Amino acid sequence: MQRIFSGIQPSGVPTLGNYLGAIRNWVALQADHECIWCVVDLHAITVWQDPAELARNTREMAATLIACGVDPSKHVLFAQSMVSAHARLAWIFNCVARLGWLNRMTQFKDKAGKDREAASAGLYVYPNLMAADIHAYHATRVPVGDDQKQHLELANDIAEKFNHDYGVEFFPHIEPLILGPAARVMSLRDGSKKMSKSDPSDQSRINLTDDADAIALKIRRAKTDPDPLPGDVSGFEGRPEARNLVGIYAALSGGTAQGVLDEFAGSQFGPFKQKLTDLVVSSITPIGAETSRLLGDVTVLDAALRDGAIRASAIAEPIVSEAERLVGFLKV
Ligand code: AQP
């Protein structure tokens, strides 16, 4: 059975983008893979996180994943900082990756913004930690949104260079699994920006914990244009917001964008947004309700995370110890 690793940052409340681009696929993959799911708090602190909020978000993220269908009893779910193998392998990879490789990473450019000098060193080497997350488990399949493809290519470059430098075939090649029609969900306020849980505007995203009223308001206020919906997907040219809303509808209804247009061609956004609201509310609000229930007793949740960390360590420890031995670290 192939081993899958994927992570999600507890940098806020998970969004519909995280759900359609990642979490929903994770749940489906559990049927025929050995899965390791990680709440990546080490990644989250590459940008400032209030400590109390980080702890709360880590629990809330774990609860949301379980509410979405992640199964911590059959698979492995834990918080990254609970397993030291991640940080140890990341350091080795910091010394394998080349600055030129990191300089090409578009996510760093996006996240650091104009003031790159003020960004943390952690944000810069984020892809090395991500490579370590995956390679610490010898995972070969990584389900991600297409925004993360470049980081996976880097993880393969690091593995190849490590294998070459130390004359081994130790780290395997990783394949990205980019699944589903909504590989990238865009902001409700700007169709050219991806929907992000850390976007300063709460109106830009649908949180998996939003209630029906919040969802209705956000969709009503979502940016659109004055034209009716086109009859064909080629009509989305220059209309990223229309493409995004139709894409969300298609992803949640299990259809295609063209299928949605066949139903709504010529319709104004008002009636379409009403239908989209109904669909989002019926898909998302049960997740929010289950998340609240799970957060009602954090002792059960914490025990599941502790157990997950023990099982994750049991897999990662021998792999990372062997990498350390290959590098020449004394093992006495
Ligand atoms: N808008 C999106 N559409 C599709 N997939 C998305 N993902 C994130 N946003 C979208 C996918 O969710 C997974 C977990 O992401 P992450 O939390 O590790 O980091 P991220 O990609 O940086 O997500 P956010 O929500 O934008 O977080 P912040 O705001 O903290 O940076 C990944 O598989 C990602 O592809």
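Every number for a ligand or one of its atoms is a count from 1 in the order of the listing. We number each residue from 1, following the sequence as shown. Quick caveat: nothing in here was measured; it's all calculated off a predicted structure.
Taking His138 as the reference, Phe170, Phe171 meet the ring pair (Phe, Tyr, Trp, His ring centres under 6.0 Å) condition, with sequence neighbours excluded. Residues passing the side-chain hydrogen bond (donor to acceptor under 3.5 Å, both in side chains) test with Thr58: none are found, sequence neighbours excluded.
The shortest N or O to N or O distance between Val185 and ligand 1 is under 3.5 Å. Considering backbone and side-chain atoms alike, Lys194 places an N or O below 3.5 Å from some N or O of ligand 1. Residue contacts with ligand 1: Tyr126 is placed with no nitrogen or oxygen under 3.5 Å of a nitrogen or oxygen of the ligand (distance criterion only). Considering backbone and side-chain N/O of Arg184, none are found under 3.5 Å from N/O of ligand 1. Between Met195 and ligand 1, at least one N/O pair is under 3.5 Å apart.
Distances from ligand 1 to the non-hydrogen atoms of Thr15 include no value under 4.0 Å. Using a non-hydrogen distance threshold of 4.0 Å, Ile8 registers as a contact of ligand 1. Using a 4.0 angstrom heavy-atom cutoff, Lys111 counts as in contact with ligand 1.
Short contacts between ligand 1 and Ala22, defined as distances under 4.0 Å to a heavy atom of the residue, involve ligand atoms 12 (O), 13 (C), 33 (O). Atoms of ligand 1 lying under 4.0 Å from at least one heavy atom of Gly7, given by number and element, are 14 (C), 18 (O). The contact set between ligand 1 and Ser11, taken as ligand atoms under 4.0 Å from a residue heavy atom, comprises 27 (O), 28 (P), 30 (O).
A heavy-atom distance below 4.5 Å is not found between the side chains of Thr140 and Ile4. Side-chain contact check for Gln150 versus Gln107: every heavy-atom pair is 4.5 Å or farther apart.
Around NZ of Lys149, the count of heavy atoms belonging to other residues, nucleotides or ligands within 6.0 Å does not exceed 12.
Within the 4.0 Å heavy-atom criterion, the part of Gln148 lying near ligand 1 is the side chain and not the backbone.
Comment: Arg189 does not engage Asp199 in a salt bridge, judged by the lack of any side-chain N to carboxylate O separation of less than 4.0 angstrom. Look at Asp71 and Lys74 and you find a salt bridge, because one of the NZ, NE, NH1 or NH2 atoms lies within 4.0 Å of a carboxylate O, short of that distance.
Counting only non-hydrogen atoms, the option in Cys38, Pro14, Gly21, Ser196 that gets closest to atom 26 (O) of ligand 1 is Ser196. Distances from atom 7 (N) of ligand 1 to the heavy atoms of Asn244, Asn18, Asp199 show the closest one on Asn18.
Aromatic rings from His135 and Phe5 are positioned such that their centres are separated by 6.0 Å or more.
Put simply, the side chain of Arg98 gets close to the backbone of Val96: a donor and an acceptor are under 3.5 Å apart.
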